[in-house]
Amino acid sequence: MKRLNELLADVETTAIIGSAERDVAGLDYDSRRIGRDYCFFAVPGTASDGHDYIARAVAAGARTVVCQRLPELIDEEVCYIAVGDTNRAMACMAAAWYGHPSEELKLVGVTGTNGKTTTATLLSDLFRALGYRTGLISTVVYRVDGREFPSTHTTPDTLRLNALLREMVDAGCDYCFMEVSSHAIDQERIAGLRFAGGLFTNITHDHLDYHKTFAEYLRVKKSFFDTLPREAFAVVNADDSHGRVMVQNTRAAVHTLSLRSDADFRCRIIEMHFDGMLLRIDGSELWVNQLGRFNAYNLLAVYAAAVLLGADRNEVLRLMSTLRSVNGRFEALQGPNGITAIVDYAHTPDALENVIQTVREIRRPEQPLTVICGCGGDRDRTKRPEMARIAVKYATTALFTSDNPRHESPEAILDEMTAGLDPGERYLRIADRAQAIRTAVLCARPGEIILVAGKGHEEYQIVGDEKRHFSDREELQKAFGSIRSETTKPE
């Protein structure tokens with residue numbers, strides 16, 4: 001139980017009907033999970049509006065309701081709290097409910113379009129190697145010291161988020177590294193949290209189905225740095241044209257990183273091969289297991305954050321050589337006949353081009369390159385033709401297939417992807433993703449490289465409302481097995 005008036009300490013209210021001198025047994029925004037003496041948050045949503053479920057929540061036992069619009073029927077036993085933004089109020093009350101856990105560890109947020117998962121995960125792995133207990137909140141997994149939980153969102157809802165942070169504090173974690181998505185910023189999921197630092201990786205067109213315009217997407221990302229406290233640090237990629245914009249109004253101490261120009265933290269790629277690359281970071285050379293210019297930026301961000309958090313520079317550089325790649329991020333699988341398949345999460349035009357360019361830098365001139373990619377349904381449609389153009393431009397063969405079609409027709413998505421291609425362009429369309437992967441492998445020439453982009457670590461495919469098991473890695477291994485069985489058949 002918590003006292004309601006204590007939970008409201010950081011909440012800006014516009015009206016309170018009823019007494020706030022009462023106990024609260026729990027917090028929730030889903031009327032189906034409400035229990036006796038709970039506080040219900042009426043959250044406006046894109047699919048439904050929580051204000052329509054206030055009566056149901058009260059009937060289920062809610063004795064406190066936080067809302068943006070007061071209901072017509074007022075129950076005398078209920079305290080109604082009107083606020084300007086229910087999401088923000090919920091975030092502040094959740095932080096208070098769990099005892100402000102973000103103030104008991106060092107919380108570092110990573111935001112940007114690409115590279116968030118890799119940067120946050122490598123930071124967590126690095127600080128574990130340095131001897132600290134860490135938490136991780138990422139697209140791939142939530143981690144509390146050594147325990148892992150399935151990830152439901154890049155940044156979870158504010159109730160789950162603060163519960164995770166409390167678990168981390170109780171488990172003795174010193175640090176938490178978390179991805180901060182644009183949706184989470186816009187929906188105030190991180191309100192009430194205190195960050196020790198923020199990292200900006202890059203920004204390209206994405207999530208325009210939600211934000212509508214790139215300018216709004218940029219504004220939302222920037223607002224994360226606007227709210228960082230004075231004692232925090234902000235690290236931005238100076239090579240991104242929007243890097244300086246991100247921190248123009250921040251109170252935090254600003255630091256820059258670059259592969260191309262003067263910056264506080266510098267890196268240069270010396271060599272790159274399929275098993276890793278040699279980097280020079282701030283004058284010291286180190287071999288890392290990751291590949292690509294985009295990963296050089298990620299690793300430089302890891303180095304910068306670690307140094308700013310007080311870690312020993314030489315020890316950081318030594319341990320960075322031991323860090324392994326994140327699942328589904330430029331993950332190479334070796335098949336028969338010298339075929340190399342690469343599984344990557346690249347699902348934006350910029351990410352796809354970066355991954356393809358990395359492959360082109362390290363492949364032999366005579367090695368064919370097949371690129372398999374698709375675009376998700378019910379998501380940003382503007383990137384579909386751009387993804388297709390990039391694949392056709394660089395690949396020996398481009399093969400367009402389903403990603404997570406959701407409620408859209410896979411064929412209709414492919415129509416939009418290929419609409420802008422010129423007649424005679426070299427590409428194939430196979431809507432069934434498993435069949436597309438199998439076709440690419442069985443048709444591959446010896447030594448060919450096959451890039452399977454878009455899903456990476458995901459082990460599911462969303463069709464309609466159904467989440468079906470699907471893994472690019474598993475489908476590649478099945479196809480490799482078919483080749484091996486054919487080549488070992490007795491004559």
Side-chain angles (χ1 to χ4, degrees), residues 108-126 136-141 151 154-155 177-185 197-207 217-218 220-222 224-225 233-243 245-247 255-260 263 265-267 269 272 276-277 279 281 288-306 308 320 323-331 342-359 383 453-458:
V108 177
V110 184
T111 196
T113 305
N114 302 311
K116 298 188 298 295
T117 299
T118 296
T119 302
T121 303
L122 293 180
L123 270 168
S124 178
D125 292 345
L126 172 65
L136 173 66
I137 298 173
S138 79
T139 303
V140 177
V141 70
S151 172
T154 297
T155 310
F177 303 99
M178 67 176 285
E179 295 185 53
V180 180
S181 69
S182 59
H183 292 71
I185 301 169
L199 304 175
F200 167 70
T201 57
N202 52 66
I203 192 163
T204 59
H205 285 246
D206 197 19
H207 302 305
Y217 180 45
L218 186 68
V220 169
K221 289 286 190 184
K222 177 182 175 297
F224 168 63
F225 294 94
F233 63 81
V235 177
V236 295
N237 179 355
D239 295 340
D240 187 285
S241 60
H242 300 287
V245 174
M246 288 290 140
V247 292
H255 304 267
T256 57
L257 59 84
S258 174
L259 268 66
R260 299 200 301 254
F265 298 97
R266 293 288 311 278
C267 175
I269 300 173
M272 187 156 51
M277 55 185 173
L279 303 179
I281 294 181
V288 295
N289 296 301
Q290 294 75 24
L291 288 173
R293 183 170 297 274
F294 56 94
N295 268 323
Y297 280 111
N298 295 336
L299 288 162
L300 185 57
V302 168
Y303 170 78
L308 292 171
M320 283 175 65
L323 299 177
R324 310 305 301 181
S325 296
V326 179
N327 288 342
R329 269 55 173 185
F330 212 94
E331 185 177 355
I342 298 167
V343 174
D344 194 88
Y345 188 54
H347 61 284
T348 66
D350 182 68
L352 181 63
E353 186 161 15
N354 284 338
V355 171
I356 294 176
Q357 291 287 26
T358 297
V359 175
K383 66 184 180 183
K455 293 182 64 61
H457 66 282
E458 292 180 353

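- Partners of K221 under the side-chain hydrogen bond (donor to acceptor under 3.5 Å, both in side chains) rule, at least two apart in sequence or in another chain, are T111.
- Inter-residue side-chain proximity for K116 and T139 is flagged as unmet; no heavy-atom pair is nearer than 4.5 Å.
- In this structure, CG on L300 lies 5.5 Å from SG on C267, to the nearest 0.5 angstrom.
- Annotation: side chain of V140 is in contact with side chain of R329 (closest heavy-atom distance under 4.5 Å).
- In terms of the side-chain hydrogen bond (donor to acceptor under 3.5 Å, both in side chains) criterion, N327 has no residue partners (sequence neighbours excluded).
- Side-chain contact between I137 and E179: absent, with no pair of heavy atoms (C-beta onward) separated by less than 4.5 Å.
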Report the C-alpha separation of I281 and F265 in whole Å, then their side-chain angles, then the decisive distance to 0.1 Å, and conclude whether the side-chain contact (heavy atoms from CB on, under 4.5 Å) test is met. CA-CA 8 Å; I281 294 181; F265 298 97; over 6 Å; no

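- Residues T121 and F177 are not in side-chain contact: their nearest non-hydrogen atoms beyond the backbone lie 4.5 Å or more apart.
- Using a 4.5 Å heavy-atom cutoff, the side chains of M272 and T358 are in contact.
- Legend: residues meeting side chain to side chain contact (heavy atoms under 4.5 Å, CB included) with T201, ordered by chain and number and at least two apart, are V110, T119.
- Here R266 pairs with D262 under the salt bridge (charged side-chain N to carboxylate O under 4.0 Å, His left out) rule; sequence neighbours left out.
- Using a 4.5 Å cut-off on side-chain heavy atoms (C-beta onward), M178 and T155 make contact.
- Annotation: side chain to side chain contact (heavy atoms under 4.5 Å, CB included) contacts of S325 (sequence neighbours excluded): Q290.
- Listed by chain and residue number, K455 satisfy the salt bridge (charged side-chain N to carboxylate O under 4.0 Å, His left out) test with E458 (two or more places apart in sequence, or in another chain).
- L199 and A301 make their closest contact through CD1-O, 4.2 Å (heavy atoms, listed as atom of the first residue, atom of the second, distance).
- Taking every heavy atom of both residues into account, G109 and V180 meet most closely at CA-CG2, 3.8 Å.
- The side-chain hydrogen bond (donor to acceptor under 3.5 Å, both in side chains) check on S258 picks up D239, S261, with sequence neighbours excluded.
- When side chains are defined from C-beta on, Y297 counts as touching N237, because their heavy atoms get closer than 4.5 Å.
- When the options N289, L123, V288, L122 are evaluated for a side chain to side chain contact (heavy atoms under 4.5 Å, CB included) with L323, the one that passes is L122.
- Paired with N114 under the rule side chain to side chain contact (heavy atoms under 4.5 Å, CB included), one option of I203, L352, T348, N298 passes, and it is T348.
- Among residues two or more places apart in sequence or in another chain, the side chain to side chain contact (heavy atoms under 4.5 Å, CB included) test is passed with S151 by Y142.
- With sequence neighbours excluded, the residues that form a ring pair (Phe, Tyr, Trp, His ring centres under 6.0 Å) with Y345 are H347, H457.
- Across every non-hydrogen atom of V220 and S182, the tightest pair is CG1-O, 3.4 Å.
- Here F224 pairs with F195 under the ring pair (Phe, Tyr, Trp, His ring centres under 6.0 Å) rule; sequence neighbours left out.
- Residues L126 and Y303 have side chains not in contact (no heavy-atom distance under 4.5 Å, counting atoms from C-beta outward).
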Hey, mind stepping through L279 and I269 against side-chain contact (heavy atoms from CB on, under 4.5 Å) and telling me if it holds? CA-CA 5 Å; L279 303 179; I269 300 173; 3.8 Å; yes

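- Under the side-chain hydrogen bond (donor to acceptor under 3.5 Å, both in side chains) criterion, N354 pairs with D350, sequence neighbours left out.
- Considering only residues two or more places apart in sequence or on other chains, A234 meets the side chain to side chain contact (heavy atoms under 4.5 Å, CB included) condition with F225, L228, V247, A252.
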